[in-house]
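In listed order, ligands and their atoms are each counted from 1. This chain uses plain numbering: 1 for the first residue, then up along the sequence.
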Amino acid sequence: MQPHLISSFATCLLASSLCALELPNPLAGADGQVATTPDAWQKSVRPQTLQIFREQVYGVRPVAKPAGFQAKVLREDPQALEGLATLKEIEITFTGPNGSAKIHPVLLIPNAAKAPAATFLLFGFVKPDPLEKSNISGGWPVREILTRGYATVAFCVSEVDPDRADGFAGGVRAIFGNSPRPANAWGALSAWGWGASRIMDYLETDPAINAKRVAVIGHSRCGKAALWCGAEDTRFTYVISNNSGCSGAALARGKMGEKISDITSHFPYWFCENYRQFSNHEERLPIDQHQLLGLIAPRLLYVASATQDDWADGKSEFESCVRASPVYALFGKPGIEATSLPPPDQALLGGTIAYHMRSGKHDLAVSDWQHYMDFADKHWKP
Ligand code: GCU
């Protein structure tokens, strides 16, 4: 076995070949040095690992908070949802060398809150519409969230960077991009996460929000984006991946269902160009996705799968949590509380990494949200 590769814990009970997989050691940097203290991991292993994911998978962001950043509240309704919440329609403008664009997140703050509220920031596929969709779609169950005392904000990822192969010219990557695009240039997933960070820039200025308790949450492609967002921006203290699968929470090595060859041929624009070289060559990857989960440490992390979601591969997502846990252990925190897959619908909330496999299909259901809020309650309302 090469020194930077480790196999799973001897105690692994998961009835799967994943247990025997050799994966890069999440405590080792690209230089092969293994961190034995949190400080060494933060100062050396974390930046090296992050840089590999930037260069080889999601791409390098050319800018953080841009000089031309502006955020304002366009409209405020203090009695939204029959008085349950204050609704703020926000407009964020970013300007770069090649133009400017605006995004329009919608923020809801519970009127019953007695202190700045912890907040769930949702990466949305569509324009957020809490008034019409709140009780219809599980995707953003705003009444449930507000009733439990949390604020929530959602945005449409396509406003940041259009979610289509020819969308490049219409989004933030073109505004800050250069031509020709280098092979490590950021893909759409990273651009969406960048947009969430700009919403965080606004949330830090809103006195109704506790900016130290903001969770990012996304489903499927948005789950991948939420994980990468949490890796890039440590201001998010809770990161939630709902059915993110390939190039999200699931391991690349040994994964069933969708592979890098599938995702880079159907959705090449989600990633940097360099990622394609690992199509059918997962073994050449210098990292694997458990190290993406490790980049969230020591913050709260929740990974959820669904029993009928073979394309995402829930077993691989679970194993990824197990393999990321040594990073949490280095910080003296429990990672995931078990090394064997729990029965469907039983949430493992006892560690700093939480996990459940919901019965049913690929979806973001209200029951998923309930588990995510239970985990937040445990840590934020002890
Ligand atoms: C496709 C893709 C997945 C992705 C999903 C989604 O199925 O292959 O990787 O998660 O779309 O975002 O809906």
Side-chain angles (χ1 to χ4, degrees), residues 53 56-59 121-128 133 137-140 154-167 171 186-196 216-231 239-273 275-276 278-280 282 285 288-290 292-293 302-321 355-358 360-365 368-369 372:
F53 276 103
Q56 307 295 344
V57 184
Y58 304 104
L121 191 168
L122 175 70
F123 286 64
F125 289 86
V126 294
K127 188 168 171 283
K133 296 241 171 87
S137 157
W140 195 28
F155 73 110
C156 174
V157 295
S158 280
E159 257 200 326
V160 181
D161 210 80
D163 185 11
R164 23 169 238 271
D166 64 350
W186 54 337
L189 296 178
S190 185
W192 300 343
W194 182 92
V216 266
I217 165 168
H219 167 59
S220 204
R221 69 197 67 186
C222 292
K224 309 179 210 295
L227 285 171
W228 180 237
C229 171
V239 178
I240 304 168
S241 153
N242 192 86
N243 305 180
S244 64
C246 182
S247 313
L251 296 165
R253 290 169 178 81
K255 184 183 181 306
M256 308 305 282
E258 187 174 28
K259 307 267 196 311
I260 295 176
S261 56
D262 299 302
I263 205 162
T264 55
S265 46
H266 294 119
F267 305 99
Y269 62 98
W270 286 353
F271 307 95
C272 69
E273 179 66 28
Y275 195 39
R276 264 177 194 274
F278 304 105
S279 170
N280 298 315
E282 280 80 3
L285 270 167
D288 210 314
Q289 297 302 116
H290 63 306
L292 174 65
L293 303 188
Y302 203 127
V303 172
S305 317
T307 53
Q308 294 166 18
D309 193 4
D310 294 341
W311 191 236
D313 190 353
K315 283 184 183 156
S316 177
E317 294 186 312
F318 176 77
E319 182 66 10
S320 189
C321 295
Y355 178 87
H356 72 258
M357 167 114 47
R358 176 180 41 75
K361 64 182 174 64
H362 183 73
D363 192 14
L364 173 53
D368 292 312
W369 272 99
Y372 301 148

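Relative orientation of the Trp228 and Phe53 rings is tilted, given thresholds of 30° and 60° on the angle between their planes. Trp270 and Phe267 have parallel rings, their planes meeting at less than 30° on a 0 to 90° scale where 60° marks the start of perpendicular.
Between Ser244 and Leu227 there is a side-chain heavy-atom pair separated by less than 4.5 Å. With a 4.5 Å cut-off on side-chain heavy atoms, Asn243 and Arg358 count as touching. Contact of the Leu122 side chain with the Trp140 side chain is registered, since non-hydrogen atoms from C-beta on lie closer than 4.5 Å. Looking only at side-chain heavy atoms (C-beta outward), His219 and His362 come within less than 4.5 Å of each other.
Within the 4.0 Å heavy-atom criterion, neither part of Asn243 lies near ligand 1. Within the 4.0 Å heavy-atom criterion, neither part of Cys246 lies near ligand 1.
Atom 7 (O) of ligand 1 has as its closest protein heavy atom Trp311 NE1, 3.3 Å. Atom 13 (O) of ligand 1 has Ser220 OG, 3.0 Å as its closest protein atom, hydrogens excluded (heavy atom only). With respect to atom 1 (C) of ligand 1, the closest heavy atom belonging to the protein is Phe267 CE1, 3.8 Å. Among all protein heavy atoms, the one lying closest to atom 9 (O) of ligand 1 is Glu258 OE1, 2.6 Å.
On a distance-only criterion, Arg221 and ligand 1 share at least one N/O pair closer than 3.5 Å.
Residue Ile263 has at least one heavy-atom neighbour below 4.0 Å for each of these atoms of ligand 1: 9 (O).
Residue Lys224 places a heavy atom less than 4.0 Å from ligand 1.
For Tyr302 and Tyr355, the gap between ring centers reaches or exceeds 6.0 Å.
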